[in-house]
Amino acid sequence: MEHASKLTAFSPDLFMRNFAEAEPGLTRKGAVEESNRCLYCYDAPCIKACPTGINIPSFIKRIATDNLRGAAHTIMESNPVGASCSRVCPTEELCEGACVLNDASEPIQIGLLQRYATDWAMNSGAELFKAGAPNGKKVAVIGGGPAGLSAARELAREGFSVVIYEAREQAGGLDTHGIVSFRLPQSVSLWEVEQVEKLGVDIRTGMKVGTDVTLDELKAEYDAIVLAAGMGYVPELGIPGEELDGVYDAIKLVESTKTGVSNIQLMGQRVAIIGAGNTAIDAATCSVRLGAANVKMVYRRTREEMTAYDFEYEFAKQEGVEFNWLTLPKRIVGDELGKVTGLECVTMKLTGEAGSDGRLKPVPVEGSEFIMPVEAVVLAIGQKRHTGLIEHLGLAHEWGVVKIDEATHQTSDPQIYAAGDIVFGFGKGEAMVVSAAQQGKIAAQAIVKELLPQQSGVVGSAV
Amino acid sequence: MADLSINLAGIKSPNPFWLASAPPTNTGYQVQRAFEAGWGGAVWKTLGDPIINTSSRFAAVNFNGQRVAGFNNIELITDRPLDVNLKEIYETKKRFPNHAVVASLMVEPKQEKWHEIVKRVEDVGVDGLELNFGCPHGMAERGMGAASGQQPDLVEAQTYWVKEVAKTPVIVKLTPNITDITVTARHAVKGGADAISLINTINSLAGVDIHTWNTVPHIGGKGAHGGYCGPAVKPIALNMVAECARHPEVTVPISGIGGISTWQDVVEFMLMGSTAIQVCTAAMHHGFRIVEEMIDGLNNYLDEKGLASVTELTGKSVSKYSNWGDLNLNYKVVARINEENCINCNKCHIACEDTSHQCIDMLTNADGKAILKVREEDCVGCNLCSIVCPAEGAIDMVEIDSGLPPMTWNERQQVVGGLSGAYSKAEVV
């Protein structure tokens, strides 16, 4: 990638180049060759490894036989955000990791093939799904991210009247706002939003539940409610100096780059990223592409404990991001103008003792404090829970994680179901887009069963 | 390095690789380039009265992304005057005296026509003649090519007329578009042929364009049947070669043709009775240089097998090709799956379950690992699982002792017939 020389303005052209999708898609020939390499396994392990259970051999065979509509339909049928997932799924850990060809030769590039098929759908404008005949029932979905879109899409196909209440100006959630554009262009997520809208789902943006619409109103108007509000911004770290000019929230940093030239200036700056998850990596690579002179990840544990995926870690290294393991931030240092000048850290060591999460506990090395000279600090230590909203809805929760029935995703209020990051926590699964999509489907299926017992009875008797 | 030179009914060649009479052997320029690349011989594109070809004339059949699994053409014999061809044959033979230059011929089924052309081509020094009784399109409508090749009496008569005047060996090229190719092969022999070559192309329509609904290829919206060749026809050709090779009345050497693309194909055709082979599609797909890989592979194979001459291959598998009625019904193989090489794609299971004898179970072993297991008592040894298995060494077809003495269908019928007194040996299909 290109960097503008220090202190020059970030031209829109340069910005577009730096934030354009990094990995090229497959060519037609590449897709034909790769799809023909697929063995078309029976009872294929890749299907089982996909949280949404996409019939992968089937969609790949459809690519091989020049039936891209069929391929896209197979993907989107199982996963309403299948185009985004083709780009952001940790495929090495899911479908591709399960491919039987792993040891025999090379796993099939399932993610790229999925992208090829869904790109076709995006470019062709093909209408893949239709709304069901109206069944007279109404469902409200709180949050228009992957889980909410998924639930809404499934319900609309069953004939429900669905309204999504989205607090932001655009739906799509993290896919639209929180994943770096060079991994997931916003247009992909917005296409998925559009597909849901085309089924008649009413997406009301800029609507905050509790402020713009009350719980009572929702409960009175809708037969069921799906809570899929995700998580919030990055919480405070609780160290001195977080109020300084030059301290950023990782998610807001990524978000600022999604719709055009960012208003956050990192050109020529030294940037410290605190955290080592996938969002931290996104913030780091984002900083590099915003022209930062040097980007360091600061993490109190080691490579082994970091939660970012291997491919994310590799990508960050290739982008020139440095990793400072066993380093605990103590204080953000600023000058008299209130601008960040450094990050005081202390070196850590692992005790060999495991904490409650099973990871080795790090402890500070006495007298090892040092100041890392930086002009910007980005916090990426997780996300805030929407505890206020959850309590407004009166739902049982544990530290902001909504309690649900695992099979139905029904909450403590039988009228309300919950899916996505708002139920994610305590080491249960992974906060992946694909998991959120599946949970949205499960909640929708449970609502169908609850509100249309006759219909699900028919389905049941056919089995 | 083994000796690759061969001698087909008196036609000598530095190796068994000949280019078949086809587009690659249309001109002296092409044949000379081929000899420079390593081809041992060439059958010149069929001489006769120059024809007019159609524009758009080839088509191919692709398979799972691989191009040219099969090839189809509606090109006819030479489109150049006989004089020009003869001049170039003369020049080519002069430049490459040790290579085999064979002239393919096609004229109307009249004695004087054959006499005339044979004399003219032999005058320029060809090493042999190949009579084109096989071309299935265009010429057949004019009573030549396959039209005469499908009538055993015409094959015999025309071969006889050629032999009346020919001084060089005469090869008769047979059409596969016939019920039993050994019939025409026998008539060629009766007519005096010194060798036979087979197969010519098979009647074919390469495809239909599903968007325009035109034939593939089409000539301004219309198509006609062509001749099929390339890798897809190899098994058909190999069977016909083998049937001729094992027929007691087909006593002449064979030049094998049909889908030969690799050195392994060459070995197979020679083992099944060919003295030499001819290639076309592989050269059209890759250029003349493909012969280098064939020669090298064949050389290494012969060295590895300890064979001093390629001629030692000819016919070695013919005696193994038999009639169904002579196969041992008490021979038994079963599939055995090697867990360490199995990649668990389950293709064997579903193939057996849906389309064979339901004897491969998907199980979980003591360690919780998914495994596939053959119930050998139900396995009929059909080979299907090992055919669909993509993992090397994952399925072996293992011979097991059936505990019974060898017994063929014909032997069994003899025994049964002996009891009832009504045995007649019959070919069983």
Side-chain angles (χ1 to χ4, degrees), chain A residues 25-50 53-71 92 94-110 112-113 116-117 120 124 126, chain B residues 60-69 207-213 216 231-232 335 337-365 367-374 384-395:
Chain A
L26 289 172
T27 60
R28 183 182 154 85
K29 182 165 174 58
V32 167
E33 287 177 0
E34 191 64 6
S35 57
N36 274 304
R37 217 164 59 77
C38 174
L39 299 176
Y40 198 64
C41 295
Y42 173 72
D43 197 21
C46 53
I47 303 177
K48 292 180 223 165
C50 174
I54 295 174
N55 190 338
I56 294 165
S58 170
F59 95 69
I60 293 179
K61 184 61 90 187
R62 290 171 187 207
I63 292 176
T65 54
D66 210 11
N67 174 11
L68 294 180
R69 170 185 284 272
E92 291 85 343
L94 300 174
C95 51
E96 291 175 19
C99 178
V100 300
L101 289 177
N102 268 286
D103 297 324
S105 58
E106 288 287 328
I108 300 297
Q109 297 181 68
I110 299 167
L112 278 172
L113 286 169
Y116 183 78
W120 174 87
S124 69
Chain B
V61 173
N62 301 336
F63 185 72
N64 285 355
Q66 294 289 316
R67 300 192 76 79
V68 196
V208 179
D209 185 314
I210 61 168
H211 302 294
T212 63
W213 301 1
V216 180
I337 295 170
N338 304 312
E339 267 176 53
E340 66 277 15
N341 293 332
C342 173
I343 61 174
N344 289 90
C345 68
N346 303 325
K347 289 192 79 87
C348 58
H349 164 80
I350 198 61
C352 185
E353 194 69 14
D354 285 352
T355 69
S356 191
H357 285 71
Q358 301 79 43
C359 65
I360 301 182
D361 296 323
M362 291 172 70
L363 304 168
T364 306
N365 72 7
D367 307 328
K369 188 182 169 292
I371 56 161
L372 291 147
K373 206 164 172 56
V374 179
L384 179 63
C385 55
S386 66
I387 289 167
V388 300
C389 177
E392 218 159 304
I395 302 184

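The structure displayed is predicted, hence computed values, not measured ones. Below, read A as the first sequence line, B as the second, and so on, with proteins coming before strands; counting in each chain starts at 1.
- Within 6.0 Å of NZ in B/Lys369 there are more than 12 heavy atoms belonging to other residues, nucleotides or ligands.
- Between the side chain of B/Asn64 and the backbone N or O of A/Asn36, no donor-acceptor pair lies under 3.5 Å.
- In terms of heavy atoms, B/Ile343 sits closest to A/Leu101 at CD1-CD2, 4.3 Å.
- With a 4.5 angstrom heavy-atom cutoff, A/Ala44 does not touch chain B via any of its atoms.
- To the nearest 0.5 Å, the span separating CD1 on B/Ile350 from SG on A/Cys41 amounts to 12.0 Å.
- The number of heavy-atom neighbours closer than 6.0 Å to CG of B/Asn62, taken from other residues, nucleotides and ligands shown, is above 12.
- With a 4.5 Å cut-off on non-hydrogen atoms, A/Asp43 touches chain B through its backbone and its side chain both.
- For the residue pair A/Val32 and B/Gly65, the shortest heavy atom distance occurs at CG1-CA, 4.0 Å.
- Within a 6.0 Å radius of CD in B/Gln358, more than 12 heavy atoms belonging to other residues, nucleotides or ligands are found.
- Within 6.0 Å of CD1 in B/Ile210 there are 12 or fewer heavy atoms belonging to other residues, nucleotides or ligands.
- Under the 4.5 Å side-chain criterion, counting only non-hydrogen atoms from C-beta, A/Tyr42 is in contact with B/Met362.
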